[in-house]
Asker: 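Take this structure, written in structure tokens, and hold onto it; I'll ask about it next.
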Amino acid sequence: MLSPRRIVALALLAALWLGPLPGLAAGSMVLHMVLHLGVTAVVPALWAPTLRLPSGAMALVLGAVAEMLVVWLWHLPAMHLWARLSLTGFVLEQGSFLIAGMVLWATVRAAGGFGGAVVLMATTMHMTLLGALIGLAPRTLYGDICAGHLGLSALQEQQVAGALMAGAGGAIYLVAALRRLGQALELKEAQA
């Protein structure tokens, strides 16, 4: 039996992948970012996966780095355009986003309160940095293919998408990190 959170996660994933967003995201960097954040951050956080993972500091690093590599890889101009222009690229991008998000959130759960907060803080930093690099770039990184549906130029779409990634993406992980840290501190205080 699925928990209500997991039902919401599946419903959101179905809406993200089976609704109009994938078709619209092919021509909008902003809509792509909404899809990206939903699949990478929100759905896995709601699903709250539990995977049998190795313990220790190295496992924390591997979980955080794996998610970072996947996200940064798909935002390289050539990879990003492949995912926008090819069904194969799009399916691989979306699948790897979901898997990376699930591994990240499973790592967070396995790491406990303080370890999970560290993983989430690292994710906050890389997500914010990548969003800032995309949003503050002085020229378009992805060409005109990533604009049109919202009436913005390609550079404006890129700037808004970068701000969305840095702001909303960073905030999702930061709030989760602070929540885990708060719970861990309450637990430590209660044990003292």
Asker: Show your working on side chain to side chain contact (heavy atoms under 4.5 Å, CB included) between Leu98 and Gln94 and close with a plain yes or no.
Answerer: CA-CA 6 Å; Leu98 183 62; Gln94 292 297 301; over 6 Å; no
Asker: Check for a donor-acceptor pair, side chain of Arg6 on one end and backbone N or O of Trp47 on the other, with a separation under 3.5 Å.
Answerer: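 Such a contact is found between Arg6 side chain and Trp47 backbone.
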Asker: Could you tell me the separation between the CG atom of Leu81 and the OG atom of Ser86, rounded to the nearest 0.5 Å?
Answerer: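 Rounded to the nearest 0.5 Å, the CG-OG separation comes out at 11.5 Å.
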Asker: Say whether, by atom type as modelled, one donor and one acceptor occur between the side chain of Ser28 and the main chain of Leu24 under 3.5 angstrom.
Answerer: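 The answer is no, because no donor-acceptor pair under 3.5 Å joins these two groups.
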Asker: Quick one: do Leu141 and Leu85 end up in the same hydrophobic cluster if we chain Ile, Leu, Val, Met, Phe, Trp and Tyr together by side-chain heavy atoms under 4.5 Å apart?
Answerer: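 Result: yes, single cluster for both.
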Asker: Show the nearest heavy-atom pair for residues Val119 and Ala64, with the distance to one decimal.
Answerer: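 So the two residues come closest at CG1-CB, 4.1 Å.
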Asker: Could you state whether Leu2 and Leu13 fall into the same hydrophobic cluster, counting links through intermediate Ile, Leu, Val, Met, Phe, Trp or Tyr residues with side-chain heavy atoms under 4.5 angstrom apart?
Answerer: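 Linked, Leu2 and Leu13 end up in one cluster.
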Asker: Linking I/L/V/M/F/W/Y whenever their side-chain heavy atoms sit closer than 4.5 Å, directly or via other members, would Leu130 and Leu155 fall into one cluster?
Answerer: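 In one cluster: no.
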Asker: Does any N or O in the side chain of Arg180 come within less than 3.5 Å of the main-chain N or O of Leu120, such that one atom is a donor and the other an acceptor?
Answerer: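 The answer is no, because no donor-acceptor pair under 3.5 Å joins these two groups.
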Asker: Which atom names give the shortest non-hydrogen contact between Thr128 and Thr124, and what distance separates them?
Answerer: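 Shortest heavy-atom separation between Thr128 and Thr124 comes out as OG1-O, 2.7 Å.
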Asker: About how many Å separate CG of Leu164 and CD of Gln159, when rounded to the nearest 0.5 Å?
Answerer: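 One gets 13.5 Å once the value is rounded to the nearest 0.5 Å.
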Asker: Considering all heavy atoms of both residues, which atom of Ala111 and which atom of Gly116 are nearest to each other, and what is their separation?
Answerer: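 Closest approach of Ala111 to Gly116: CB-N, 3.4 Å.
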Asker: To the nearest 0.5 Å, tell me how far Leu181 CG sits from Glu186 CD.
Answerer: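 Between atom CG of Leu181 and atom CD of Glu186 there are 10.5 Å.
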Asker: Working to the nearest 0.5 angstrom, can you tell me the gap between Leu31 CG and Glu157 CD?
Answerer: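 Answer for the CG-CD pair, Leu31 versus Glu157, is 6.5 Å.
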Asker: Whether the Glu67 and His126 side chains hold a donor-acceptor pair (N or O, under 3.5 Å, no angle test) is what I'd like checked.
Answerer: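 There is such a pair (donor and acceptor under 3.5 Å, judged by atom type) between the side chains of Glu67 and His126.
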Asker: Check the pair Ile134 / Gln158 against side chain to side chain contact (heavy atoms under 4.5 Å, CB included), numbers first and verdict last.
Answerer: CA-CA 6 Å; Ile134 291 169; Gln158 183 177 299; 3.6 Å; yes
Asker: How close do Ala83 and Phe90 get, counting heavy atoms only, and between which atoms?
Answerer: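 Closest pair (atom of Ala83, atom of Phe90, distance): O-CB, 3.3 Å.
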Asker: Identify whether Leu136 and Leu76 are in the same connected component of the hydrophobic contact network (ILVMFWY, side-chain heavy atoms under 4.5 Å).
Answerer: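 No, Leu136 and Leu76 fall in different hydrophobic clusters.
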Asker: Rounded to the nearest 0.5 Å, what separates atom CG in Leu92 from atom CG in Leu87?
Answerer: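 Nearest 0.5 Å value for the CG-CG distance: 9.5 Å.
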Asker: Restricting to non-hydrogen atoms, name the atom on Ser96 and the atom on Trp74 that form the minimum distance, rounded to 0.1 Å.
Answerer: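 Looks like OG-NE1, 2.8 Å.
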Asker: Please check this pair: side chain of Gln156 against backbone of Gly151, looking for a donor-acceptor N/O pair closer than 3.5 Å.
Answerer: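 Absent.
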Asker: Before we go on, tell me: are the rings of His80 and His36 under 6.0 Å apart, centre to centre?
Answerer: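 For His80 and His36, the ring centres are not under 6.0 Å apart.
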Asker: Report yes or no: do Val8 and Leu10 belong to one cluster of Ile/Leu/Val/Met/Phe/Trp/Tyr joined by side chain heavy-atom distances under 4.5 Å?
Answerer: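 Val8 and Leu10: one cluster.
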Asker: Just do the side chain to side chain contact (heavy atoms under 4.5 Å, CB included) check on Leu133 and His75 with the steps written out, would you?
Answerer: CA-CA 11 Å; Leu133 290 172; His75 287 87; over 6 Å; no
Asker: Looking at CE of Met1 and CD1 of Ile7, how far apart are the two atoms once the value is rounded to the nearest 0.5 Å?
Answerer: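 Met1 atom CE to Ile7 atom CD1 measures 6.5 Å (nearest 0.5 Å).
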Asker: So do Trp72 and Leu129 actually touch side chain to side chain, heavy atoms under 4.5 Å?
Answerer: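 Yes, at least one pair of side-chain atoms sits under 4.5 Å.
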Asker: Between Ala26 and Arg84, what is the shortest heavy-atom contact and its length?
Answerer: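 Taking Ala26 first and Arg84 second, the nearest heavy atoms are CB-O, 3.9 Å.
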Asker: Does the pair Phe97 and Leu35 meet the rule for a side chain to side chain contact (heavy atoms under 4.5 Å, CB included), with working shown?
Answerer: CA-CA 10 Å; Phe97 278 168; Leu35 182 60; over 6 Å; no
